[in-house]
Structures are given as structure tokens and as C-alpha cells.
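Residue numbers start from 1 in every chain, and the chains themselves are labelled A, B, ... in the order their sequence lines are given, proteins ahead of strands.
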Amino acid sequence: MDATQSLRYFGPELVLTAAIMAVLALDLGLTARGIERSRWPGIVALAGAAAAIGSAVRLLRVPAREWLFGRMLVFDGFSVYFKVLLGLALLAAVWMSLGSREVRGQPNEGEYFTLLLSSGLAMLLMAAAANLLMAYLSLEFASLTSYVLTGFLRHNRRSAEAALKYLIYGGVASGAMIYGMSWIFGLTGSMDYAGIAAGIAQLDDPSRGAFFLALVLVLAGFGYKVASVPFHMWAPDVYTGAPIPVTAFLAVGSKAAGFAMLLRFFHFGVGAAGPVGAVTRVPLLQLGTLLCAATMTLGNLAALSQQNMKRLLAYSSIAHAGYALLGFVVFADAGVQAVLFYLTVYYIMNLGAFWVVMLIANATGHEDLPSYRGLAWRGGALPALALAIFLFSLAGLPPLAGFVGKFYVFGAGVERGLIALVVVGVLNSVVSLYYYVRVVKTMFLDEPRAEDAPVHFALNDLAAVGLLSAATLVLGIRFDWLLARVETARRIFAG
Amino acid sequence: MTAPVFLLLAVLVVAAALTVVAHPSPVYSACALVVTLFLLSVFFVALDAQLVAVLQVIVYAGAIVVLFLFVIMLLNLTQPESRPTAGVPVVAVAVGGGIGIAALVAAALRRVPPAGAPALPEGFGDTAALARRLFTAYVLPFELTSVLLLVAIVGAVGLASRKG
């Protein structure tokens, strides 16, 4: 499909681009009038994100499966599903930013919202990219904006240090990835995934080794985006140093976009040649299994001793990337479906957890666990209750949404015969219960001491948290609704 | 390009690239980078990509390296500092990995003799042909890059104005 025809399927991206320009122009106008602090950039950004979601939701009903812009992007149910999810992540991040003490009132707020929206735009493109060029470009775009957003906090050394670490790790990972991509292009003579799939089918034995090496290099880039072991080292520092809304956006948005790219690349670009494609031709299954088990185990073990809530959630998000990778290793539609379901549930519960952490940081100025002591008994009963719901859901306890998510991922693994990997996953869930419950215990069972001041939460700040905890509870019981949505999105367009 | 010329250029460009990494003085490294990029542009000419070759020299060897030199001089990095040298295991892994990759490439190439390249289309590599591709097949990446550059400027300004 040529460029003009493609624009019909390009609504969310166009809306977001327009919103980016609007926020930028507005910021420029405000600065020219000497207005330093204004809430308008944030409100325009919120409207832009909402309009992008609206446009993506409208596309959900379009059954077409097409190449867009020559052979750069694809339009299918999978990409639209991710666009809605990523749009929601962006909306939540903007909403959080509007209520965040770290972000509001900064003189460069306009730039912050411009960058946040462009990061969202890049992630939407990541979800649809089916061409090595677009994949690399959109991934770099998303990374570049994330680096700056991470270092956004003024006069905060932790934030600057996190941005630098993120930049260096990102540079290495993206260098490895593009080197791998150049090998794939050299071996198959094509940059779009359909051409790569056709090229792989004709590879002979010695080229297979080279192809496998190229896949490992490309995995470095994707693994860095989803924070999987051994490319996870940046996550704890970046999550701790970045402003909380950015941390939440990276944890849910960036990870989802990374998974969208990973799944599309391996199911379409690599997997289309044969029943499970290249899985049987190169030791991809073994590699994936190893990465998945290592990611789950390392994330959970490292989270056990954390005292800072953001750091704890960072390690927990590494562990959750491991659970989602289990669905990836299945290398089948059932696995894609499980990953989609898991990422959606993960979005709700993890975002909720970060939101409560932000509200508590707004109220107390602290993010470390001791400042949560007896929180429920000194004015924070509602946020403490919500956080408990999110953490139990993250641990995977029934009847919460997190349980259903894990159930489907593990179920897909069992169906594929990955019993050992599923056992590792279940054991890890048990381990994770320890550190999630420790937080709940601190909030409810520990007595507040004299130096712990009472805290106050405005009811309207709690609206979003209430919404997310309600979703966690409802999706734990009425998961069939989400499952039906995921079912239509699971088949990835393949040529 | 005949094989001896190619080999000579290849040795030169690898030597220059190694100098960029290994030389203790940042200024020398930047100058070696100019040489590397300039030699690479010769390869582009040999591949009938004249415009890319010219852009390589103007943009990379010219503007960007000059910018590097400015930054190095502004930061006053001219004095070579004593810096930690990589240990033997690291060097061994790096060299071993490099040899391994070279062996893989050689094995792959030996089995698949390079097929005769198809004849180049009319006007390959000239500005008009490149522009036509850029605004038809590659219009989306092209436009996206312009958004990326705009956002990069905004980000750079945002970071640089932190002091204010």
C-alpha cells in the first residue's frame, strides 16, 4: 500500500504527532509571553493521548491486514491491540505527571510533555514495524526520548547518573542489534520481515551459524528494551533515578513495545519459514528457555533484599519480563495470546503500584520501605489497601488479575511441553510472594513510630488508583472479556 | 575495484579505526576518525554510491568530527590521562570473539560463492535516483527521522538549560 492510502490506517500516530507539535508550539507561545509555569502543556498532552487512543480504538474494528508505506509497517489486529495498550500507558503517564510533585511546576515542563508524547509515538511505531529499518529507527527514537526523560529531574544527581547509565547501556545494546541486523540483511538480502523469512528458508548449513549469531545480537537490542537478563543491568538504577511517572511509563510502555517488536520479529521475520520455522533450524528454543529462566530467577532473587520501593518494583519488573518471555518461548499463537494477556494485566497492576508509590512519595517525600511503616494507620488506609491489591496481583494470587495472567502463560508453556520452565516459573512466583508480602506487612502490621508523621491524601488523587484496583479485581473474575479481545489480536500478520 | 586496491584500503581503514580506539590522546583519536570516514567514502565511490560518498565526507568527516574536536578542546581533554587498561582476560575474549566472527564469515562466504551482482539500474547512485527512492519507498523513515531530530533538539535544550 502506498503512502497516501496508508494514512487511513495511521490515525493514532498522526494524532500524536499533531499533539507533539501543539505542545511544542504552546510551550513556545507561553515562553514568549513570559509565563514560566502553566498547566496547559500537560492538559494538551493529555488530550492528545486520549485522542490517539480514540483513533486506535476505532481501528480495532477494521479487519484489514495490510502492509503500510511500501513495506515499512504492517496493520493487523496485533499492532492495533498494542497501540491501544501503549496509548493507555501514555495517557496514564501524562495523568501521573500532572499529579507528580517531581514534574509539576518545573520550568521545562513543556519539553517534558513533548518528550513524553514523542516517546509514546515511537512506541506505537515499534508495535507496527515489520522492517529492520523501521524497527531500528523506532527503537532508537523511543530510547533517545527515554534517556532525556530519565535525566529530567534538575539538581538531582541520581537522575543524571541514571540517564548516563541508560545511555551507555542503550548505546551498546543498539550497536549490537544493528550489527546483527546488518548480518541478517547480508544473509537474506532483505530488510522487510517477509523477505527475511523467504531468505531464511534458503539458508544452507554454514550460514545458519552466522544467522544464529545475528539473532543473538538482535536479541541484545530487544532484551535491553524488555529488561531481560543479561541486558537488565540498567533497569534498577534507571527506575530509581527517573521521575516516578517516567519510571512507570518505562516499566509498562517500553516493555510492552519491546515485546511487540520481539514477538513480531520472531513470529513473522524468523518464524514464517516452516511450522515453527527457524526454531527447529537453530537452537533458538534453548536460548530462549535459558534467557527466560535466568530473567525470572535473577529478578526475583535480587528483589528480595531491596529497601527502596522503586528499586524493588524494578527487579520485580525484570522478573515479570521473564514470565512474559515464557509465552514468547512457546513460539505459537497460544503463546502470543498469553503474552498479550499478561502484558495487559501487568500494565494495570504495575501501573497501579507505581501510582501509589508516587502518591506516597508526594505525601511523605520518601520512597524507601521504612517510610511505609504503619501507613494504613496514619491516614493512608486507602492507598495502602490499593497497593496491597496490586502487590498481591503481581505475586499472582487468586482471585486477582495477575493470577489469571500467570495461569495463561504457564498453561501455554505446559501445552508446548516446557514443563521444567513452568516449574521454575511457579517456584519463582512463590519466592516473589515474600517480598511483596513484606511491603504489605510493613504497611499494615508494623506499628507507626513517633517520628512517622500522619499523611493526607486528597480523594481526587486516588481516583486513578481506585480505577486500576477495581480493574485488577474485576479482571481476576471476568477475564473472559479481555480474553476475547486478545484472541482476535493474537494472529500476527505474516506476509 | 581490484583486489589489491581493496586490500590496501581495507588494511588502512582497519588500522585507522584501531587508532581511534587505542590512541591515548582524544585529539589523535578524532583525527584518526576523519581518516577512517574518508577511507570509507572511497569504498562508497567504488560501489557506485557517489552521493553517499560525498555526504560521508561533508557530514561525517567534516561537520561531525569538527564538532568532536570542538568539544574535546572545550573540555580541555588534550592531556592524555592515565587510564585503566583492560586486563588480559578482556583482551583475550575480545580477540577470540573477533577471530570467531571472522571465521564464521569466512565459512559462510566460502560455501556461498558471491553470485554475479545484477546489473545496476540506470542512474544508480546519483542524486535524482536517491531522492526518488527517499520520497517514495522510504518516505516514512525519512519523515520520522525529521521528527526524531526535532525531538532530539528539544531534549538537548531541555538538558542543557538545567542550570538556569
Side-chain angles (χ1 to χ4, degrees), chain A residues 2-3 6 10 13 17 20-21 23-24 27 68-73 106-112 114-115 117-119 121-122 125 129 131 133-134 136-138 140-141 144-145 147-149 151-156 160 163 179 183 186-187 203-214, chain B residues 17 20-21 40 43-44 47 52 86 90 93-94 96-118 130-164:
Chain A
D2 72 19
S6 304
F10 205 52
E13 288 88 345
T17 314
I20 293 166
M21 299 304 156
V23 173
L24 201 56
D27 191 40
L68 300 185
F69 296 98
R71 278 168 166 256
M72 291 293 158
L73 303 178
Q106 297 274 3
N108 44 4
E109 218 184 313
E111 282 124 23
Y112 171 84
T114 310
L115 288 164
L117 285 183
S118 7
S119 193
L121 170 70
L125 289 162
N131 185 304
L133 178 63
M134 275 313 291
Y136 182 73
L137 191 59
S138 52
E140 268 305 276
F141 194 172
L144 198 80
T145 47
Y147 305 148
V148 184
L149 284 171
F152 175 77
L153 293 180
R154 297 152 66 86
H155 314 302
N156 184 331
Y179 185 51
W183 277 45
L187 287 167
L203 283 185
D204 60 351
D205 266 5
S207 316
R208 253 200 264 162
F211 177 69
F212 183 63
L213 196 70
Chain B
V20 176
V21 183
L40 272 181
F43 286 105
F44 283 124
L47 291 168
V52 178
V90 175
V93 167
I99 291 173
I101 288 176
L104 255 173
V105 174
L109 284 183
R110 208 158 46 88
R111 278 292 292 267
V112 194
L130 200 113
R132 203 165 294 119
R133 296 285 287 162
L134 208 54
F135 283 97
T136 52
Y138 295 98
V139 66
L140 180 68
F142 179 73
E143 294 296 342
L144 185 65
T145 310
S146 58
V147 179
L148 171 62
L149 287 177
L150 176 71
V151 171
I153 294 169
V154 172
V157 170
L159 283 183
S161 66
R162 292 154 66 93
K163 303 244 160 47

With Leu140(B), the side-chain contact (heavy atoms from CB on, under 4.5 Å) member among Leu73(A), Leu68(A), Leu137(A), Asn131(A):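 Among Leu73(A), Leu68(A), Leu137(A), Asn131(A), the one meeting side-chain contact (heavy atoms from CB on, under 4.5 Å) with Leu140(B) is Leu73(A).
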Can you tell me which portion of [X] sits under 4.5 Å from chain A's heavy atoms? Options are side chain, backbone, both or neither.
{"X": "Leu150(B)", "result": "side chain"}
{"X": "Val139(B)", "result": "side chain"}
{"X": "Ala152(B)", "result": "both"}

Residue [X] versus chain B: region with a heavy atom under 4.5 Å:
{"X": "Leu121(A)", "answer": "side chain"}
{"X": "Tyr136(A)", "answer": "neither"}
{"X": "Tyr147(A)", "answer": "neither"}

Residue pair Leu144(A) / Val151(B), side-chain heavy-atom distance below 4.5 Å: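 The answer is no; the side chains never approach within 4.5 Å.
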Heavy-atom check, side chain of Ile101(B) versus side chain of Trp183(A), under 4.5 Å: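 Of all side-chain heavy-atom pairs linking Trp183(A) with Ile101(B), at least one is under 4.5 Å.
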Separation of Glu140(A) CD from Thr145(B) OG1 (nearest 0.5 Å):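 These two atoms lie 11.5 Å from each other.
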Spacing of CZ belonging to Phe69(A) relative to OG1 belonging to Thr136(B), to within rounding of 0.5 Å: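 If I round to the nearest 0.5 Å, the distance is 13.0 Å.
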Minimum-distance pair of heavy atoms, taken over all atoms of Leu133(A) and Pro141(B):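 That closest heavy-atom pairing would be CD2-CG, 3.7 Å.
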Among Ile20(A), Thr17(A), Leu24(A), residue most engaged with chain B (heavy-atom pairs, under 4.5 Å):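 Most heavy-atom pairs within the cutoff with chain B belong to Leu24(A).
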